[in-house]
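Protein chains get the first letters and strands the later ones, always in sequence-line order, with residue 1 at the start of each.
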Amino acid sequence: MVGVLIGLRATLLRRSFTGAQVFHLGFGVLGGLAGAAGLFRFATRYDVAHGGDLLALALAGVLLGWLVGPAVVGGDPGIRPEHLTLLPMRRRELVLGLLGTALVGVGPLTTLVGLAALVAYGARLDPAAALLGVPGAVLLTVLLVVLARVVVAALGAVLGGRVSAALAALPWAVLTAAAAQCWVVFVALGGGTNPLDAGVPAGAARVLRLLPSGWPLVAVEAAGRGAWLPAVGALAGLAGLVVVAVLGWARLLDRPAVPPVTRLRRRPRPRRPARVGGAAFGAVVHKELRTWWRDLVRIHHTSFALTYGLVFVLMPLLVDLGDLLPLAGLVTATMLVACSAHLYSSDGTGLWLTLMVPGSERADVRGRQVAWLLNAAPTTVLFTLAGLVGAVRWWTVPWVTALLPVVLGGGAGLIVLVSVLVPVRMADPHRRGGNPGSDGGPVGGLVWLTLGLLAVVSAPTAALLWCGTRAGSATLLWSATPVGVASGVLLGWGLGRLAHRRLARRGPELLARLGQD
Amino acid sequence: MIHSVTGMTTNPDQPAALRLAGLVKNFGDTTAVDHVDLTVPAGSFFGLVGPNGAGKTTSLSMAVGLLRPDAGRAEIFGVDVWRDPVRAKRQVGVLPDGLAFPERLTGRELLTYLGRLRGMPGDVLAERVDELLRVLDLARAERTLVLGYSAGMRKKIGLAAALLHAPRLLVLDEPFEAVDPVSAATIRAILRRFVAAGGSVILSSHVMALVEQVCDHVGVMHRGRIAAAGPLEAVRGRRSLEDAFVDLVGAPAPGGEELSWLAS
């Protein structure tokens, strides 16, 4: 049975090398291979002690990616347990079968390639250490894949209401932001801000090796010293952890996913529809605001962005650095943009209603933009003000007054344009639960694409700020603010215009791509 | 209530409610719709039948402007759907099969949203929404999001959305699927009243008895082509529609020797 399921998964994977999906798969392969190249660089380029520490740091990053990835950006669930519920299988077979299918994919493969850096690192110590790197890499890959599945299953078991959707995003947001700010930990521990040059502080290096991701490295290093007991012990521990994770996953599989809440507590207040022209735009704004308030995946993403922004700027306070506080709103806004570039994809075939109402495409795009701004702008402005007041770092004022408008305005333009131009395959809303881990669709590539585009559109404003700071010219520095505001308005209007014209021209094609199973 | 409209005459002076001419759609190597010509006379109640995969949904999607044809024309009351979509789509109400709605709205919110999107005056809209929810027995689910609707309720809210702006033509894909008998009777009554008042309907269905009961015109689709179309009597002759359908489509009934392992 296990073999049959793996075969099925391999067939599905082969079939997905067609059409638009190649883009996402290709992005995954490229990203995975780039990460693998980084791991090999750490393992081979630096001197042995320094390289080992960097490898431990990178392995912790890989662990974090596998834990956070499915919860935040979703992924290809492949074969789902609910597809197999009617088969007369023992649970052991089911779990092993699902594990087998989970191991077939671009993610596990590129991870294994990257973890082969352990072998390369071992080869520098001792041939036996290199040999031990092989089971280390394999066991860690299996562990990472299982842990990712545990995360998805756990999310499915707890998500159901709005509060749990928001709360479930907190751990991942904290972890991701903390990882992005890991230099703070290094500074706190007495190291430099850049571990590539200054090395990882000894304390941090020890902690990194205590994480499960560091265990295969511990095994390789111990074997290099000829200390066989800790070497084999570390691998045995890793294998034990795999077993524990699989058992935990099996338990979670027994628990049915919580169906999303579909009833409102109170009967909504009937709103007298407006009599005026332009009602279409208002209707879309209302609909979108309600969706932002009620859709579990959107709530999850919003909560992620807000928490990420806060942790990102608050963490440096650990080393008495308050300079980042005023950037709270800016960081949050950037994350909100990155998490929102799949508006049309997540609405799925619901687009047909827009297409059937003649001439409503403009109202649809503009309404979505304004609703997004109404959702994002107040919080980010509030965060910015609170950060400015809290930090009293007035030198940051021209930076935020220039960059926040361009990120919000440019973001409002980018999310609709990217949504219209790059649809991703997601299950239709009525065919999915509320679990972004299994229903979110492959939006990882979209997140990075949007971040890149956001960097491009804010580049002129940022360049002006940088020149002003470098030249010490207050005039130049402050001139960035009107430029930022003007580009925000222009980008929001212009990119939105491109989006609604595209939607009016190619709406049926977008619907066809969203409707593909 | 009008019990039979089978003998109702259609108006020959008016342009056809729906006219498809030479419609073609290919998906890769598969030709889903192969030069379909079909005329739904104004004031008729038209049933489109055909086996699974015959191309009914694809044809209806192209007819209303949701799927771009590779070739051919679709006209609603003489207006080309793909050249002048704004004018054509104003006259049609559509119920597609299995597509999503804005799922995080209640039924009332969904209809109000659609009405405002169409620029309907507020008081007219509020009245119509009230009446549609009441008639289709959805008023009790006032707090339920469309996401939590059953399959039958989804059909009913879809029908309400199609009727809301009082179109002249209704295009309904499998409107009776998964609908309970009481609701089905309500929907049939609504559609009959709509046709009696001068509206035109084209619906697709697998249920021959139902099509025979409510439709005055029928089209049989098979492998992407129209195998027969016209007034119900002309298509079925003296047989039942089901027998005529099996003759046209040539579906073999399972013989005695197949599936012999079943329940052995």
Atom of [X], atom of [Y] and distance for their closest heavy-atom approach:
X	Y	result
B:Y113	A:A283	CD1-O, 3.5 Å
B:L105	A:R294	CA-NH1, 3.8 Å
B:R68	A:R505	NH2-O, 2.8 Å

Which one wins on heavy-atom pair count under 4.5 Å against chain A: [options]?
options	answer
B:V146, B:L67, B:V86	B:V86
B:P102, B:G119, B:P96, B:P85	B:P96
B:G65, B:G98, B:A88, B:S61	B:G98

So how far is it from [X] [atom1] to [Y] [atom2], rounded to the nearest 0.5 Å?
X	Y	atom1	atom2	answer
B:L114	A:M356	CG	CE	11.0 Å
A:L355	B:K89	CG	NZ	5.5 Å
B:L110	A:L353	CG	CG	6.5 Å

- Could you tell me which of A:T349, A:D364, A:L351 has the largest number of non-hydrogen atom pairs under 4.5 Å with chain B?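 So the answer, after comparing A:T349, A:D364, A:L351, is A:T349.
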- Message: Which atoms of A:L511 are under 4.5 Å from chain B, going by heavy atoms: the side chain, the backbone, both sets, or neither?
- Response: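 Interface part for A:L511: side chain.
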- Query: With distance as the sole test, does A:S360 use its side chain to make a donor-acceptor pair with the main-chain N or O of B:L117 at under 3.5 Å?
  - Reply: no
- Does any heavy atom of chain A fall under 4.5 Å from the side chain of B:R87, the backbone, both, or neither of them?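 For B:R87, there is no contact with chain A at all, as no heavy atom is under 4.5 Å.
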- Task: Output yes when B:R104 and A:E288 qualify as a salt bridge under the 4.0 Å nitrogen-oxygen rule, no when they do not.
- Result: no
- Within a strict 4.5 Å, meaning less than it, do heavy atoms of the A:H286 and B:E109 side chains meet?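 Sidechains of B:E109 and A:H286: no contact.
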